2 protein chains.
Amino acid sequence: MTDADPSPTPLLLFIPYRYAENASLAHLASQGFGDLTLAQARVFARIADSGSRLTELAESAQVTKQTAGYMVDQLEAGRYVERVPDPTDARARLVRVAGRGEQARAAAMTALQELESAWAEHLGPRRMAALREALSALREITDPYL
Amino acid sequence: MTDADPSPTPLLLFIPYRYAENASLAHLASQGFGDLTLAQARVFARIADSGSRLTELAESAQVTKQTAGYMVDQLEAGRYVERVPDPTDARARLVRVAGRGEQARAAAMTALQELESAWAEHLGPRRMAALREALSALREITDPYL
DNA sequence: ACAAAATGGTCAGAAGTTCTGACTATCGTG
DNA sequence: CACGATAGTCAGAACTTCTGACCATTTTGT
């Protein structure tokens with residue numbers, strides 16, 4: 001009876017997701033990383049601490065590997081990342097955060113934490129936990145990358 | 001203790017959101033609307049029953065009005081929508097679902113309902129309701145369109 | 001009433017993103 | 001060791017999105 005909101009759940013997901021993207025990118029821009037585009041940041045955000053393969057980035061961001069490669073080219077040119085050979089596979093290269101990328105990553109982390117804090121404050125810890133818990137569960141049937 | 005998932009909340013939002021987009025678009029394609037692109041569908045999905053102004057669509061989809069206009073041009077060419085004068089403002093035009101658009105909208109609704117059902121089944125009614133409730137609350141501080 | 005500012009929309013052009021197809025090199029398996 | 005799968009790149013086209021300039025109409029302030 002209380003949830004008369006007719007908004008489709010995907011729309012409800014889109015709104016805070018897009019807000020988070022905008023807020024993070026704005027924070028990065030304010031910290032001297034104004035040359036990062038949204039598309040670049042989407043790939044950058046998925047690079048694992050130990051480095052990621054192009055294919056992994058592509059699958060995770062849900063773009064083709066060509067697109068991911070193009071983004072990594074730009075991130076590399078902007079000194080955000082570097083490509084190193086993958087010691088376990090001569091075909092592959094690992095994309096690693098490097099140089100400016102480390103500071104950018106730290107700034108992004110800060111933005112993210114502020115965001116999560118603001119959300120947790122608005123929802124209260126209980127509902128925030130419930131939100132994350134439900135989303136994590138949903139991931140089981142919606143994550144193509146797994 | 002149970003939620004040790006380090007995934008940032010925005011990533012958790014992205015995964016099911018993107019899944020929903022893909023699933024809906026795939027269903028539309030299977031119903032004879034394979035000419036709809038994702039970008040077009042994002043605008044199309046935001047058209048109100050009574051019609052929407054270009055500016056409203058742009059704000060809601062978070063693109064410039066030029067971009068929204070370009071998408072509406074294509075939707076119009078594909079006979080998904082029509083533009084009619086806004087009786088309350090001579091500057092404005094209302095974008096309305098028309099022709100094929102009605103069937104496409106019905107197909108999208110079906111896809112959406114199947115999606116929500118599948119999610120509700122996976123989460124259970126309680127957690128599904130909690131998810132939607134939390135997302136609706138989050139909207140209050142993240143929706144630029146309001 | 002009227003000038004100024006804001007709003008709704010379009011046109012033109014450039015930039016950015018993303019895709020398909022083709023190809024090379026390396027890995028894993030039978 | 002041949003074969004299919006995987007990692008990545010190159011080239012080119014298509015699609016999406018933006019910035020800037022502009023016109024018409026509405027709203028606001030005096």
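These numbers were taken from a predicted model, which means no experiment stands behind them.
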Looking at [X], does any N or O in its side chain come under 4.0 Å of the phosphate oxygens OP1/OP2 on [N]?
{"X": "B/Thr37", "N": "D/dT16", "result": "yes"}
{"X": "A/Thr67", "N": "C/dC19", "result": "yes"}
{"X": "A/Thr55", "N": "D/dG8", "result": "yes"}

> Quick one: are A/Glu56 and A/Val95 in side-chain contact, heavy atoms under 4.5 Å?
Replying inline: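 The answer is no; the side chains never approach within 4.5 Å.
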
> Can a cation-pi geometry be assigned to B/Arg18 and A/Tyr145, taking NZ or CZ under 6.0 Å from the six-membered ring centre and within 45° of the ring axis?
Replying inline: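 Not flagged: B/Arg18 not positioned over aromatic ring of A/Tyr145.
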
What is the separation between atom [atom1] on [X] and atom [atom2] on [N], rounded to the nearest whole Å?
{"X": "B/Lys65", "N": "C/dG8", "atom1": "NZ", "atom2": "P", "value": "8 Å"}
{"X": "B/Asp86", "N": "D/dA24", "atom1": "CG", "atom2": "P", "value": "19 Å"}
{"X": "B/Leu94", "N": "D/dT25", "atom1": "CG", "atom2": "P", "value": "17 Å"}
{"X": "B/Leu57", "N": "C/dG8", "atom1": "CG", "atom2": "C1'", "value": "12 Å"}
{"X": "A/Arg53", "N": "C/dA25", "atom1": "CZ", "atom2": "P", "value": "19 Å"}
{"X": "B/Arg91", "N": "C/dA5", "atom1": "CZ", "atom2": "P", "value": "16 Å"}
{"X": "A/Leu75", "N": "C/dG16", "atom1": "CG", "atom2": "C1'", "value": "14 Å"}
{"X": "A/Asp73", "N": "C/dT17", "atom1": "CG", "atom2": "P", "value": "12 Å"}

>> Any N or O donor-acceptor pair under 3.5 Å from the base of C/dG21 to the side chain of A/Gln66?
In response: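 Check passes, donor-acceptor contact within cut-off.
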
> Which part of the nucleic acid does A/Gln74 contact within heavy-atom distance under 4.0 Å: base, sugar-phosphate only, or nothing?
Replying inline: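 Sugar-phosphate, no base atom in range.
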
Could you check which of [options] has an atom nearest any side-chain atom of [X]?
{"X": "A/Arg42", "options": "D/dG8, D/dT16, C/dT18", "value": "C/dT18"}
{"X": "A/Ala92", "options": "D/dG8, C/dT18, D/dT25", "value": "D/dG8"}
{"X": "B/Thr64", "options": "D/dT26, D/dT19, D/dA5", "value": "D/dT19"}
{"X": "B/Arg83", "options": "D/dT16, D/dG8, C/dT10", "value": "C/dT10"}
{"X": "A/Arg93", "options": "D/dT17, C/dT17, D/dG8", "value": "D/dG8"}

>> I'd like to know if A/Asp49 and A/Arg105 make a salt bridge, using a cut-off of under 4.0 Å between side-chain N and carboxylate O.
In response: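 Judged by the 4.0 Å cut-off on N to carboxylate O distance, A/Asp49 and A/Arg105 do form a salt bridge.
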
>> Need to verify one output field. Residue with the more 5' nearest nucleotide on DNA chain D, A/Ser52 or B/Ala90?
In response: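 Closest to the 5' end, via its nearest nucleotide, is A/Ser52.
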
> So, A/Glu21 and A/Tyr17: side-chain donor and acceptor under 3.5 Å apart, yes or no?
Replying inline: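 Judged by distance alone, the side chains do pair up.
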
>> I'd like to know if the side chain of A/His27 and the backbone of A/Ala107 have a donor-acceptor N/O pair within less than 3.5 Å.
In response: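 Side chain of A/His27 to backbone of A/Ala107: a pair is present.
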
